[in-house]
Amino acid sequence: MRSLWIVLVLVLGSALLLQVVVASESRIPYARFRSLAESGELAEVEIRDGVYIGRTAPGLSASAPRSYRTGRIEPTEKDLLADLDGRGIPYTRVADERGLLPYLWLALPLAALVAMVHLVSRRATAAGNVSSAATAFGKNKARLYEERGATATFRDVAGSAEAKAELGEIVDFLKAPERYEKLGGRMPRGVLLVGPPGTGKTLLARAIAGEASVPFFSACGSEFVEMFVGVGAARVRDLFSQAREKGTCLVFIDELDAVGKARGIGGSVGGHDEREQTLNQLLTEMDGFDARTAMIVLAATNRPEILDPALLRAGRFDRRVHVDRPDLAERREILAVHGRKVVLDADVDLDAVAAQTAGLVGADLANIVNEAALLAARRRAAAVRQSDMEAAIERGIAGIERRGRRLGAREKLVVAYHEVGHALTATLLPTQDPVRKVSIVPRGAGALGYTMQQPREDRYLWSRQEILDRLVVLLGGRAAEAEAVGDLSTGAQDDLLNATELARRMVRELGMGQGVGLSALEPRRPLSFLGESRGAPSPGAGRECSDATAREIDAEVARILADAEARARAMIHERRATLERIAARLYEVETLSGDEIRAMMTSGEA
Ligand code: ADP
Ligand code: MG
Ligand code: ZN
């Protein structure tokens, strides 16, 4: 530890000296230098490679610089020399031998720094995991962990009803862990908040801490990623050992992806070693705390797909809570929460603001309210008016459009038809799970909208009819676009992939095709395909089959898909009016529950 201090003092000292050396020499314009030479203030002049250095006579004035420096100008050098000769000032030309000293001043701090880095990282690696030096670095930030502004409550978080409900359970548990223990229940240990940036993940975590009134340790993933090997791991260990001392507590790691990136992805400043060590330490800590302590580790990320799979395994971050972009009603609530903090004029219409801000997240909306308040202040007004809001929205939306995640009005309508197409077909087919929610709020990368179905029970067997009906639902989105818009869009690509995959499996693996025969052409795979099969086409590793058979398979797959598409189109066509009505409503409010959809369907048919 002491050697570190010595190194630090050396760095500072040499930097200071360098400063002093440079400061005693004054840089001046060439003309001034000449007038100094003429007036005889210089005692001697040195001519170097690119500069003249004039030294003053000692004792002239204590505060005056001891030497002057100016750039050399060769065409007029003769005149300068003549002046010096006339005054009797000695001058010498020094070949480029500045001496080692200036270099030394520059080199010293550098060398000291290199030494320090070397020292710390070598020690850290040598000690296997963590050295005393690294631990010391790790401890420096220890105070950051506990209760960093944990002042929020659930009231500060508008919308996100589902996330709040799920997290409410955790709050309950932290408040009275005995109750759960008595029943033998085991709460999740790690909970991952997943959602796009600005949707209020950090805010939710702070709210949980506020609600549960237990010790709250918070750290940001990027704090664990350091230059020096071992430092991040030491910090993780330090954080958890502090937390363990408290017993019941909440540990929050924001931006988990900074540490949790899958091993082997991308390089960061400290190289892979450092991040891997940190990640390993985190994994160890998550496994290490005993099941009886009421400690919950909460983490947030907006990029769950890049997390190391080891982090998501059972017993670690095995529970996910989605925090989605807000829909119309939620945006209205968020605006109300932030509107309370400023003075609003009576003409402000938050419903109108919410309607104009589709695609924006909580952080954007908070910004808009704040921006509007600033605009009002600039007008020296006493309250924020609707016109301030409108101006602020324009700015906010410009930013969103740059980030490219705002749907235009037409696109939004196409997505609405598409999703209602899925929802209608799913509701009409009794073999299919009931629709729980339909949304046209973009979720994650790529998905412009989504239809969520609620599985009635765990399933292990599917009948041929169920699979055929499933194909109809998958193609229902396209069918609705074709019916209402008269054209197809690229939005159905994923559906088409899933449908094709499903149809191929029917024929190749399940013997459900007609005229192709019973031989299974693919190796065994688990039959979970009625859930979300993530569109990967069948691997070519299937069993060999003849060209003739391959052609038959292709033909049969195409026939199955065409059948399903025809059924989907017929179903939608028959209910054109219902489709229009529900899509218009969805376009307006952005999310509809399954119950609302079912109600609108029956009321239309009556
Ligand atoms: P994230 O961590 O998901 O990127 P934050 O929690 O940092 O987002 O959100 C930034 C700010 O946006 C919050 O401090 C809050 O002012 C505002 N905000 C975001 N979501 C909401 C919400 N649901 N209700 C109220 N304010 C919100
Ligand atoms: Mg955040
Ligand atoms: Zn779709």
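Quick note: residue numbers are just sequence positions, from 1. Below, each value reflects all heavy atoms present in this structure, side chains not excepted, and no hydrogens, waters or symmetry copies. Both ligands and their constituent atoms are indexed starting at 1 by order of listing.
Under 4.0 angstrom from ligand 1, the non-hydrogen atoms of D156 all belong to its backbone.
Counting only protein atoms, the N, O or S atoms lying less than 2.8 Å from the Mg ion (ligand 2) are T202 OG1, ordered by chain and residue number.
When only interatomic distances are considered, the shortest N/O to N/O separation between H338 and ligand 1 falls below 3.5 Å. Distances between N or O atoms of L203 and those of ligand 1 include at least one value under 3.5 Å.
For the side-chain contact (heavy atoms from CB on, under 4.5 Å) test, residues two or more places apart in sequence or in another chain that qualify with L374 are N370. Scanning for side-chain contact (heavy atoms from CB on, under 4.5 Å) contacts around Q432 gives L429, Q453, D469, R470, V473, with sequence neighbours left out. Residues that satisfy the side-chain contact (heavy atoms from CB on, under 4.5 Å) test with D349, not counting sequence neighbours, are D351, A352, Q386.
Interatomic distance, CZ of F252 versus CG of L204, reported as 9.0 Å (0.5 Å rounding). Rounded to the nearest 0.5 angstrom, H322 NE2 and T199 OG1 are separated by 11.5 Å.
Annotation: atom 23 (N) of ligand 1 to nearest protein heavy atom, A158 O, 2.8 Å. Closest to atom 18 (N) of ligand 1 among all protein heavy atoms lies G362 C, 3.6 Å. Ranking the protein heavy atoms by distance from atom 5 (P) of ligand 1 puts G200 CA, 3.8 Å first.
Atoms of ligand 1 found under 4.0 Å from any heavy atom of V157, numbered from 1 in the order shown, are 23 (N), 24 (N).
Considering the Zn ion (ligand 3) as centre, the angle to NE2 of H422 and to NE2 of H418 is 90° (10° rounding).
Among R478, R569, H573, the single residue meeting the side chain to side chain donor-acceptor pair (under 3.5 Å) criterion with E483 is H573.
Residue contacts with ligand 1: G159 is excluded, as none of its non-hydrogen atoms falls under 4.0 Å.
Of all N, O or S atoms in D495, the one lying closest to the Zn ion (ligand 3) is OD2.
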